[in-house]
Amino acid sequence: MVTQIISTMETQVSNGPTSNSSLPNGPLISANGATDDSKTNLIVNYLPQNMTQEEFKSLFGSIGEIESCKLVRDKITGQSLGYGFVNYVDSNDADKAINTLNGLKLQTKTIKVSYARPSSASIRDANLYVSGLPKTMSQKEMEQLFSQYGRIITSRILVDQVTGVSRGVGFIRFDKRIEAEEAIKGLNGQKPLGASEPITVKFANNPSQKTGQALLTHLYQTTARRYTGPLHHQTQRFRLDNLLNMAYGVKSPLSLISRFSPITIDSMTSLAGVNLTGASSAGWCIFVYNLSPEADESVLWQLFGPFGAVTNVKVIRDFTTNKCKGFGFVTMTNYDEAAMAIASLNGYRLGDRILQVSFKTSEEFVKTKHGAI
DNA sequence: TTAAATT
């Protein structure tokens with residue numbers, strides 16, 4: 001059965017900066033001499049699995065100067081654990097990052113940006129797995145049931161993707177491990193008010209502790225698709241049409257869009273005499289035109305992030321006014337994702353403006369180089 | 001019928 005998470009119901013409890021300082025900004029020094037980063041250090045959760053450290057830094061660096069950042073990875077496999085930390089130089093930028101990037105949709109995920117709690121053993125392993133919940137119980141009701149044992153950081157109920165009905169399974173993350181322990185003692189094997197069956201409450205599995213078999217399966221799945229054979233010739237022709245349409249900002253049927261490799265594009269475009277500079281070792285550069293003067297980088301992340309791996313965004317600004325000059329660039333790693341973003345966003349209405357989105361051509365390169373736009 | 005939250 002396919003499942004999904006009720007991400008829109010994600011509990012938005014702010015981890016909250018510890019309120020032990022009256023100083024406004026900058027690196028704060030506490031009585032014991034340690035730097036207080038409670039107002040600058042953020043934890044970012046629900047990152048896409050394939051997001052790299054560079055993409056992570058690029059996304060959060062678009063807000064302000066970063067003191068340090070880290071995408072947390074599995075020590076053995078190097079796989080992303082789906083979360084990371086960003087410590088800004090200025091606490092105002094940390095605040096801005098929460099306001100502009102929390103809830104940002106990146107591929108299939110909705111990221112969460114909140115203040116990191118001070119690291120401590122007492123907050124680890126405070127996550128509970130709950131099963132046997134009445135199908136009618138809402139996330140809010142589940143929280144009410146558990147909140148008597150402590151402060152809840154997050155809660156979720158898993159639902160069937162097709163029907164949307166609860167699977168009777170959920171997660172509760174407490175602030176402290178002791179709170180989670182008390183909740184198990186108090187609620188495991190108990191019937192919620194009005195329920196016919198008792199619930200099971202136990203510590204959740206740590207997702208980073210995979211079995212060897214699961215790791216092998218994962219490795220196979222993530223490497224196998226890189227070695228797929230060449231595309232059928234007939235298919236390539238349709239895709240060339242599609243490419244040419246998109247390179248010049250012409251709407252094309254979505255049905256023609258599917259995956260093909262940068263190598264295929266390079267050979268085809270040189271044959272067709274098209275000068276596409278969108279392709280490079282860094283990824284696929286996309287030209288976005290008709291942005292408002294107030295546009296900033298977060299707009300580009302919001303627009304393109306849902307389509308796949310975005311490595312960089314850039315709003316071109318006037319040197320003196322610092323206002324957007326009406327255009328920007330987005331770099332995406334994978335061709336098919338970039339193509340889908342272009343097909344979907346070209347002609348898209350953003351406020352009172354119609355966006356023009358295409359692969360970057362040498363034409364834009366010349367225009368931007370000479371500042372002609 | 002367990003999803004990536006403490007460096």
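Proteins come first, then strands; the chains are lettered A, B, ... in the order of their sequence lines, and each starts at number 1.
Aromatic rings of F203(A) and Y129(A) (six-membered ring for Trp) have centroids beyond the 6.0 Å cut-off, not under it.
Atom CG of D37(A) and atom P of dT6(B) are 16 Å apart (whole Å). Here dA3(B) presents its P atom at 14 Å from CG of D160(A), a figure rounded to the nearest Å. Rounded to whole angstrom, the span from the CZ atom of R73(A) across to the C1' atom of dA5(B) amounts to 17 Å. Between the CG atom of N45(A) and the C1' atom of dA3(B) there is a distance of 12 Å, rounded to whole Å. The distance between atom CG of L133(A) and atom P of dT1(B), rounded to the nearest whole Å, is 12 Å. Straight-line distance from the CD1 atom of I153(A) to the P atom of dA4(B): 18 Å, rounded to whole Å. Look at CD1 on I157(A): it is 16 Å from P on dT1(B), rounded to the nearest Å. Atom CD1 of I76(A) is separated from atom P of dA4(B) by 21 Å (rounded to the nearest Å).
Side-chain to base pairing of Q79(A) with dA4(B): no donor and acceptor N or O lie closer than 3.5 Å to each other. Between the side chain of R124(A) and the base of dT6(B), no donor-acceptor pair of N or O atoms lies under 3.5 Å. On a pure distance criterion of 3.5 Å, a polar donor-acceptor pair joins the side chain of N127(A) and the base of dA3(B).
At the heavy-atom level, S80(A) lies under 4.0 Å from base atoms of the strands shown. Residue contacts shown for Y129(A) include a base, since a base heavy atom lies under 4.0 Å away. Residue K75(A) is out of contact with every strand shown, counting any heavy-atom pair closer than 4.0 Å.
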Please walk me through it: do F304(A) and L345(A) pass side-chain contact (heavy atoms from CB on, under 4.5 Å)?
CA-CA 8 Å; F304(A) 288 83; L345(A) 295 173; 3.7 Å; yes
Determine whether L300(A) and V315(A) satisfy the following criterion, side-chain contact (heavy atoms from CB on, under 4.5 Å), listing intermediate values before the conclusion.
CA-CA 8 Å; L300(A) 294 178; V315(A) 166; 3.8 Å; yes
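A search for salt bridge (charged side-chain N to carboxylate O under 4.0 Å, His left out) contacts involving E54(A) returns nothing, not counting sequence neighbours.
When distances are taken from the side chain of I43(A) to each of dT7(B), dA5(B), dA3(B), the shortest belongs to dA5(B). Minimum atom distance to the side chain of Y46(A) is reached by dA4(B), of the listed dA4(B), dT7(B), dA3(B).
Salt-bridge annotation for K39(A) and D95(A): absent, with no side-chain N of the basic residue lying under 4.0 Å from a carboxylate O of the acidic one. No salt bridge links E179(A) with K176(A); every basic N to acidic carboxylate O contact stays at or beyond 4.0 Å.
Using a 4.0 Å cut-off, no side-chain N or O of K109(A) falls inside it from OP1 or OP2 of dA3(B). Considering only side-chain N and O atoms, S119(A) lies under 4.0 angstrom from the phosphate OP1 or OP2 of dT7(B). An OP1 or OP2 oxygen of dT2(B) is reached within less than 4.0 angstrom by a side-chain nitrogen or oxygen of R167(A).
Using the six-membered ring where Trp is involved, F85(A) and Y83(A) have ring planes that are perpendicular, over 60° apart on the 30 and 60° scheme.
The stretch residues 170-184 of chain A comes close to DNA chain B through F171(A), R173(A), each having a heavy atom under 4.0 Å from the strand.
The side-chain contact (heavy atoms from CB on, under 4.5 Å) test with W301(A) singles out one residue from D296(A), T100(A), V330(A), V313(A), and that residue is V313(A).
Sequence order on DNA chain B of the closest nucleotides to K70(A) and K202(A) puts K202(A) first from the 5' end.
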